[in-house]
Amino acid sequence: MPITQFLERNANLYPNDVCLVEINPEIQEKRRVTWREYDLIEGNPTTHYRREITWQVFDEKANRVAQMLKSRGIEKGDKVAILLMNCLEWLPIYFGILKTGALAVPLNFRYAPDEIEYCLDLAEVNVLLFGPEFIGRVEEIADSISTNRLLFYVGGDCPTFAEDYDKLVANCSSQPVDVKITDEDYAAIYFSSGTTGFPKAILHKHKALVHSCKVEQMHHGQTRDDVFLCIPPLYHTGAKMHWFGSLISGSKAILLRGVNPKTILETVSNEKCTIVWLLVPWAQDILVELDAGRIKLEDYDLEQWRLMHIGAQPVPQSLIKRWKEYFPKHQYDTNYGLSESIGPGCVHLGVENIHKVGAIGVPGFGWETKIIDEYGKEVKQGEVGELSVKGPGVMVCYYNDEEATNEVLHDGWLYTGDMAEMDEDGFIYLVDRKKDVIISGGENIYPVQIENYLSKYEPVKDVAVIGLQDERLGEIAAAIIELVPDSYCNEDDINNFCKGLPRYKRPRKIFFADVPRNATGKIEKPKLRKLYQSEHLVDAQNRG
């Protein structure tokens with residue numbers, strides 16, 4: 001069945017149960033309100049600190065979106081883009097698009113104007129819905145992008161170059177549209193991270209979205225009593241597919257704007273959250289604040305918090321060891337996936353396997369994996385190769401890019417570009433991205449291994465290891481190290497600590513600086529290579 005039927009089922013079974021809560025600490029109005037249709041009609045907009053909707057209202061709002069889109073000529077197979085920060089409107093809009101049979105096309109909120117235009121053109125988008133934070137960026141390209149598509153503004157004070165979404169949906173029927181949708185219909189286009197240039201458009205069917213719902217519940221056992229705290233951006237498959245566990249179980253989710261450690265713990269406490277998905281930097285920030293005594297666990301009600309899980313990037317063993325010292329009762333899981341495999345879960349650790357922290361885990365529910373060499377042949381246990389995955393969540397293709405599709409899809413297998421190895425128990429360990437491997441003096445160096453080692457050093461908060469061009473060795477490993485606030489160490493301290501590594505793996509350059517990560521927690525290594533390569537060349541010239 002298409003994923004929209006889960007929403008309709010919940011609206012029938014649990015009509016008056018709250019399903020979504022938006023909390024925005026940036027807004028000072030702290031009255032608790034329940035968001036109903038009359039809010040829009042009476043001009044009471046989206047400026048409350050805390051807003052909530054029930055399953056019935058969620059479904060009705062999705063129906064109004066679908067009716068509005070149909071009235072403007074949107075048909076099955078068209079594409080509708082969403083450019084919004086996390087908010088209570090996001091998911092009703094997403095499901096309203098799906099109900100029309102159109103494809104939802106979420107856009108990264110960090111895109112510059114030229115990237116927005118590129119993605120709209122690549123995905124052949126018919127409608128763009130955007131929020132207040134993007135007025136300036138959309139206005140820059142409005143003349144060119146509005147010639148062949150509709151622009152709808154979600155928020156008060158609609159700019160002149162767009163139409164007012166709130167007014168358009170307010171007068172639409174809340175009854176479902178008459179469109180037949182099947183599992184085999186196209187549902188969504190997501191975009192790759194774009195770390196090697198402009199992003200690629202990833203096409204998925206409804207059956208892939210439905211499978212991600214099942215994977216999430218099988219892995220984390222969501223029930224109607226769970227409350228999921230969602231912090232990452234909903235445009236990304238990771239956040240939305242973890243929320244799909246709430247959709248399939250009919251349970252509540254909290255959309256939190258902001259990643260301040262105090263705000264996270266306050267929200268877990270006040271909203272009685274039981275499941276929290278964190279990115280590595282956010283977990284690190286919480287631990288730093290706890291270590292420093294700036295926040296204290298006894299100030300919060302956290303007994304109901306049962307599961308903390310992390311995904312989107314390798315997780316240092318030392319981080320989870322420290323986490324368990326503060327939260328000994330927590331279940332823990334690591335989730336691995338790509339947007340091409342409909343987000344997290346094609347590989348996961350499993351809450352029962354915390355003794356294997358450091359591994360990304362075993363094949364997820366309904367998934368197969370293998371580790372292959374450059375010829376597509378499986379490597380021996382313990383050898384490094386490229387991780388490939390197969391299952392119902394693999395993408396259809398890179399939309400409008402046959403060449404890129406043929407590079408990664410082979411007989412139903414998705415070649416992930418991640419280098420990995422398997423231990424004697426069948427657990428998979430990420431070694432690094434294929435393109436990030438450093439070849440130094442003929443030796444392959446995998447940055448993640450060095451990053452994991454350095455993360456064990458107490459003063460290190462975050463670390464990125466990159467390859468820099470070197471005249472003699474081809475490349476050398478360089479470490480960019482972000483220190484824990486108020487801690488101290490110098491280059492000699494790092495070099496002494498790295499004596500525990502084989503000599504060829506030791507970083508030959510050390511830089512102390514912040515480690516940049518994108519909105520989904522991945523280290524922005526192309527940015528680091530560009531920044532530090534020039535600095536390295538200057539140093540080499542000076543030495544010469």
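Predicted model, so just to flag it, every value in this text is computed and none were measured.
- One distance of note links CH2 of Trp55 with CG of Leu247; it measures 5.0 Å at 0.5 Å rounding.
- Contact record, Ile248 with Arg9: O-NH2, 2.8 Å, taken as the closest heavy-atom pair.
- Residues Ser269 and Glu266 have side chains not in contact (no heavy-atom distance under 4.5 Å, counting atoms from C-beta outward).
- At least one donor-acceptor pair under 3.5 Å links the side chain of Asp185 to the backbone N or O of Thr182.
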| request: Let me see the working for Val179 and Ile181 under side chain to side chain contact (heavy atoms under 4.5 Å, CB included), right down to the final yes or no. | output: CA-CA 6 Å; Val179 178; Ile181 306 170; 4.2 Å; yes
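- In this structure, CD1 on Ile23 lies 9.5 Å from OG1 on Thr263, to the nearest 0.5 angstrom.
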| said: Assess the residue pair Lys79 and Val125 against the criterion (side chain to side chain contact (heavy atoms under 4.5 Å, CB included)); give the C-alpha distance rounded to whole Å, side-chain angles, the decisive distance to 0.1 Å, and a yes or no. | reply: CA-CA 5 Å; Lys79 290 94 175 177; Val125 165; 4.2 Å; yes
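- Test His236, His204, Lys240 against Tyr190 for side-chain hydrogen bond (donor to acceptor under 3.5 Å, both in side chains) and you get one pass: Lys240.
- Residues Arg149 and Val127 approach most closely at CB-N, 4.3 Å, considering heavy atoms.
- Under the 30°/60° scheme for interplanar angles, the aromatic rings of Phe95 and Phe244 are found to stand perpendicular.
- Minimum interatomic distance between His206 and Pro2 (heavy atoms only, all atoms of both residues): ND1-CB, 3.6 Å.
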| Tyr398/Glu403 under side chain to side chain donor-acceptor pair (under 3.5 Å): CA gap, chis, key distance, verdict | CA-CA 9 Å; Tyr398 287 125; Glu403 182 179 352; over 6 Å; no
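- Looking at residues two or more places apart in sequence or on another chain, you find a ring pair (Phe, Tyr, Trp, His ring centres under 6.0 Å) between Tyr153 and Phe130.
- No side-chain donor-acceptor contact under 3.5 Å links Gln67 to the backbone of Ser174.
- Looking at heavy atoms from C-beta onward, Leu229 lies in side-chain contact with Leu256 at the 4.5 angstrom threshold.
- Checking each of Thr416, Val362, Val347, Ile360 against Thr369 for a side chain to side chain contact (heavy atoms under 4.5 Å, CB included) leaves exactly one that passes, namely Val347.
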| field | Residue pair His219, Asn335: steps toward the side chain to side chain donor-acceptor pair (under 3.5 Å) verdict | value | CA-CA 9 Å; His219 290 175; Asn335 304 275; 4.6 Å; no
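- Classified by interplanar angle (parallel below 30°, tilted 30° to 60°, perpendicular above 60°), the ring pair Tyr111/Phe191 is perpendicular.
- Every side-chain hydrogen bond (donor to acceptor under 3.5 Å, both in side chains) that Arg72 has, sequence neighbours left out, goes to Glu163.
- Taking SG from Cys213 and CE from Met241, the interatomic distance works out to 8.0 Å, rounded to the nearest 0.5 Å.
- Here the straight-line distance linking atom CD1 of Ile116 with atom CD1 of Ile141 works out to 5.0 Å at 0.5 Å rounding.
- We find the NZ-NZ distance between Lys70 and Lys76 to be 10.0 Å, quoted to the nearest 0.5 Å.
- A donor and an acceptor atom, one from each side chain of Tyr415 and Glu407, are nowhere located under 3.5 Å apart.
- Only one option out of Lys252, Gln304, Arg50 pairs with Glu271 in a side-chain hydrogen bond (donor to acceptor under 3.5 Å, both in side chains); it is Arg50.
- In terms of heavy atoms, Leu129 sits closest to Tyr165 at CD2-CD1, 3.5 Å.
- Checked against the 6.0 Å centroid criterion, the rings of Trp305 and Phe327 qualify as a close aromatic pair.
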| request: Let me see the working for Ile145 and Val138 under side chain to side chain contact (heavy atoms under 4.5 Å, CB included), right down to the final yes or no. | output: CA-CA 9 Å; Ile145 66 173; Val138 175; 4.2 Å; yes
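- The two atoms that bring Ile97 and Val65 nearest to each other are N-CG1, 4.3 Å, heavy atoms only.
- Checking side-chain atoms of Asn86 against main-chain N and O of Pro232 turns up a donor-acceptor pair under 3.5 Å.
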| message | Applying side chain to side chain contact (heavy atoms under 4.5 Å, CB included) to Phe152 and Leu69, what does each step give before you reach the verdict? | response | CA-CA 10 Å; Phe152 296 150; Leu69 292 172; 4.1 Å; yes
| request: Verify salt bridge (Lys or Arg N to Asp or Glu O under 4.0 Å) between Glu303 and Lys329, making sure each step is shown before the conclusion. | output: CA-CA 9 Å; Glu303 283 299 311; Lys329 296 180 181 179; 3.8 Å; yes
| Yes or no on salt bridge (Lys or Arg N to Asp or Glu O under 4.0 Å) for Arg137 and Glu115, after CA distance, side-chain angles and deciding distance? | CA-CA 10 Å; Arg137 277 177 269 178; Glu115 292 173 304; over 6 Å; no
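- In this structure, CG in Asp226 is found 4.0 Å from CD1 in Ile275, a value given to the nearest 0.5 Å.
- When all heavy atoms are compared, the tightest approach of His242 to Gln222 is O-NE2, 4.2 Å.
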| task | Evaluate salt bridge (Lys or Arg N to Asp or Glu O under 4.0 Å) for Glu8 paired with Lys99, printing each intermediate quantity in order. | result | CA-CA 10 Å; Glu8 292 157 4; Lys99 280 173 178 265; 2.9 Å; yes
| task | Quick one: do Glu124 and Tyr399 satisfy side chain to side chain donor-acceptor pair (under 3.5 Å)? Show the steps, please. | result | CA-CA 10 Å; Glu124 300 175 323; Tyr399 190 73; 2.5 Å; yes
